[in-house]
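A short write-up of the structure that comes next.
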Amino acid sequence: MKMVKSLLLGSAAGLMAVAGAQAADLPVKAKAVEYVKICSLYGVGYYYIPGTDTCIKIGGYVRFESYHNEVGGHYADRTPGGFPAGYFTRGSNTFGMQARFRLTGDIRTQTEYGTLRAYFAFGVNALNMGSTQGANLTTNAVAMERAFIQFAGFTIGRSDTFFAFYNGAAYGLVPMFTDGSSGPAGHNVFAYTWQFGNGLSASLSAEDSAARIKPVVDLSATDLFSGVSDRSGTKVPDIVGNLRVDQAWGSAQIMGGLAQVSSQYFAGAPAGACLGNDTSCGHNSDKWGWGVGAGLTLKMPWDAKDTLSGVIAYAKGATGFVTHANGQNFVHKQGVATGVMTDAVFANPGVIAGYDGGLELTEAWGGTIAFEHYWTPSLRTSWVFGYIKTEYSDTAKALIARGGACDVGSRFTAVTSCDPDYSYWRLASRTMWNPVANLDIGVEVAYNKVDTAFGGAASLVGANGLAPGVYAVEDQSYWSGAIRVQRSFWP
């Protein structure tokens with residue numbers, strides 16, 4: 001009996017052990033997969049980040065462009081500091097190709113204070129401008145165009161300036177220089193926007209002045225074309241404000257801005273001992289530059305996709321409110337056109353009668369008008385005209401022309417006009433075709449002209465195949481073109 005009992009107990013224990021082992025091998029029920037859910041709060045393309053109430057949209061584009069006579073991907077401006085000798089000779093580049101990649105992210109969360117938003121746009125540009133006498137001119141650059149936070153009416157980070165009205169890139173392959181925006185590079189801003197309802201808003205913004213400033217030239221230390229700026233370090237941000245309305249018919253805006261203008265020290269000795277442009281010398285008083293502008297966009301009554309947009313601006317001592325371009329120094333095979341854009345000029349006190357060494361603020365005004373028409377839902381054409389005029393005060397002109405010598409450095413051999421005022425204008429037309437959704441194929445043709453400052457003759461050092469010699473200083477113009485193929489992948 002004892003033996004039977006032992007056998008039964010042993011068999012039961014064995015069955016329990018086997019059953020336990022088999023149970024351990026059985027599959028465990030998996031945790032339910034949390035699928036990505038569509039977020040419909042902010043429009044198409046947003047998804048909830050799993051496990052959160054935050055919505056995100058990822059987008060961007062891949063772009064190819066080629067340029068004729070705009071090899072840098074922009075109009076042929078040249079910063080001060082000499083002439084780009086031989087710009088249209090056989091040794092210079094008149095053709096370039098560029099590939100560009102952009103990635104954008106828009107992240108939003110609803111809070112008790114409204115929407116908390118973060119936005120970024122960055123990427124890489126690879127520009128090949130060919131070669132000059134065997135030199136490889138391929139450049140690769142990382143571009144951080146936007147990176148800002150919006151919360152409870154605030155916009156903080158890298159955005160467009162609040163002086164801007166509309167995006168000129170919507171009308172052209174090569175953005176116009178006087179559309180009021182800060183261009184693709186953007187501005188660092190700390191802004192607040194009040195919403196009054198019915199599409200009416202007002203904004204006040206403190207903005208990084210480094211993105212807008214132009215040179216302050218000491219004419220006692222150098223000449224207007226040297227490219228040397230005697231501007232002091234940044235002490236305060238630019239202050240920008242706008243009043244805007246957005247309605248079914250379009251939008252309108254007025255805007256204004258203030259920017260501090262200041263120099264370093266005098267180059268000479270106006271009084272007492274002075275070593276030259278240091279603390280042993282005196283300095284002039286700071287001034288405030290300013291700019292005002294207005295913009296209007298109208299949707300056409302026959303088709304709301306057809307739009308007419310325009311912006312106009314005037315600035316004194318803060319020419320960056322009118323344009324993000326620099327001065328135009330431009331050389332053709334047969335002549336030179338030139339112009340220097342500054343925020344101010346000055347010289348040592350007393351270099352001309354009655355002059356106290358103060359800053360003479362430079363004035364600029366200009367604008368852009370653009371129209372876009374849809375021939376079909378997939379084919380559209382735009383026409384854009386931009387103009388900018390730069391003007392110097394009578395005192396500034398007297399400082400440049402003092403003693404009858406016209407202080408423009410050794411580049412000029414004979415000067416028949418010592419007037420530093422100049423203008424630049426551009427007329428462009430772009431046609432864009434969308435054979436399928438999110439694929440752009442476009443071509444742009446433009447005519448560009450520099451109405452030159454000064455007049456007479458300039459002595460140029462030979463470069464890029466241009467023979468050294470004396471060339472006429474006179475108005476210059478050129479044709480340019482661009483082609484784009486872009487695949488966008490935002491929804």
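The analysis underlying the following values was restricted to heavy atoms, covering all of them including side chains, and did not include hydrogens, waters or symmetry mates.
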**Asked** Under the ring pair (Phe, Tyr, Trp, His ring centres under 6.0 Å) rule, what pairs show up with a residue in residues 289-312, not counting sequence neighbours?
**Response** W290-Y314

**Request:** Apply side-chain contact (heavy atoms from CB on, under 4.5 Å) to M300 and L308, showing your working.
**Result:** CA-CA 7 Å; M300 298 296 101; L308 175 67; 3.8 Å; yes

Can you see which heavy atom on [X] is nearest to which on [Y], and at what distance?
X: A453; Y: P420; value: CB-O, 3.3 Å
X: T342; Y: P215; value: CB-O, 3.3 Å
X: A143; Y: N125; value: CB-ND2, 4.5 Å
X: A396; Y: Y392; value: CB-CB, 4.1 Å
X: S262; Y: L359; value: CA-CD1, 4.1 Å

Does [X] reach the main-chain N or O of [Y] with its side chain, forming a donor-acceptor pair under 3.5 Å?
X: R63; Y: F101; answer: no
X: Q264; Y: R231; answer: yes
X: S66; Y: F95; answer: no
X: E391; Y: W365; answer: no
X: N434; Y: L439; answer: yes
X: N198; Y: L200; answer: no
X: T52; Y: I49; answer: yes
X: R158; Y: V189; answer: no

Do [X] and [Y] have a side chain donor and acceptor closer than 3.5 Å?
X: Y478; Y: Q476; result: no
X: D53; Y: T109; result: no
X: D343; Y: T319; result: yes
X: Y42; Y: Q110; result: yes
X: E207; Y: T161; result: yes

Give, for atom [atom1] of [X] and atom [atom2] of [Y], the distance between the pair rounded to the nearest 0.5 Å.
X: I213; Y: D208; atom1: CD1; atom2: CG; answer: 8.5 Å
X: S209; Y: K235; atom1: OG; atom2: NZ; answer: 10.0 Å
X: F151; Y: T115; atom1: CZ; atom2: OG1; answer: 10.0 Å
X: H373; Y: D306; atom1: NE2; atom2: CG; answer: 5.5 Å
X: I400; Y: E360; atom1: CD1; atom2: CD; answer: 10.5 Å

Compare all side-chain heavy atoms of [X] with those of [Y] and state whether any distance is below 4.5 angstrom.
X: C39; Y: Y47; value: no
X: F120; Y: R146; value: no
X: W479; Y: V445; value: yes
X: F346; Y: L219; value: no
X: Y46; Y: I56; value: no
X: Y422; Y: D475; value: no
X: S480; Y: N448; value: yes
X: D421; Y: T390; value: no

**Residue pair Y387, I312: steps toward the side-chain contact (heavy atoms from CB on, under 4.5 Å) verdict** = CA-CA 10 Å; Y387 178 85; I312 189 168; over 6 Å; no

Inspect the contact between [Y] and [X] and indicate whether a charged nitrogen and a carboxylate oxygen are less than 4.0 angstrom apart.
X: E444; Y: R426; value: yes
X: R117; Y: D106; value: yes
X: D419; Y: K397; value: yes

Just wondering, more than 12 heavy atoms not from [X] lying within 6.0 Å of its [atom1]?
X: W433; atom1: CH2; result: no
X: I149; atom1: CD1; result: no
X: F196; atom1: CZ; result: yes

Under the side-chain contact (heavy atoms from CB on, under 4.5 Å) test, residues paired with [X] that sit two or more places apart:
X: T193; value: F162, Q195, S201, S203
X: A211; value: H187
X: F190; value: F154, I156

Applying side-chain hydrogen bond (donor to acceptor under 3.5 Å, both in side chains), name anything that partners [X], two or more places apart in sequence or on another chain.
X: K305; result: D303
X: Y447; result: S477
X: T155; result: Q150
X: T452; result: none

**Prompt:** Ring centroid separation for F489 and Y61, is it under 6.0 angstrom?
**Reply:** no

**Prompt:** Between Y171 and F371, does the ring centroid distance fall short of 6.0 Å?
**Reply:** no

**Complete:** Residue pairs passing the salt bridge (Lys or Arg N to Asp or Glu O under 4.0 Å) test with at least one member in residues 366-377, sequence neighbours excluded, are E372-R380, E372-R430

**Prompt:** For D238, which residues count as a salt bridge (Lys or Arg N to Asp or Glu O under 4.0 Å) partner, sequence neighbours excluded?
**Reply:** R212

**Asked** Can you list the residues that meet the salt bridge (Lys or Arg N to Asp or Glu O under 4.0 Å) rule with R487, with sequence neighbours excluded?
**Response** none

**Request:** Evaluate the side-chain contact (heavy atoms from CB on, under 4.5 Å) criterion for residues K287 and L361: first the C-alpha distance (whole Å), next the side-chain angles of each, then the deciding distance (0.1 Å), finally the verdict.
**Result:** CA-CA 9 Å; K287 290 187 177 182; L361 303 182; 4.3 Å; yes

**Request:** Evaluate the criterion side-chain contact (heavy atoms from CB on, under 4.5 Å) for residue pair Y166 and T368; output intermediate values, then yes/no.
**Result:** CA-CA 10 Å; Y166 75 95; T368 299; 3.1 Å; yes

**Message:** Going by ring-ring contact (aromatic ring centres under 6.0 Å, His included), name the residues that satisfy it together with Y119, two or more places apart in sequence or in a different chain.
**Reply:** F148

**Request:** Classify the angle between the aromatic ring planes of W194 and Y192 as parallel (below 30°), tilted (30 to 60°) or perpendicular (above 60°).
**Result:** perpendicular

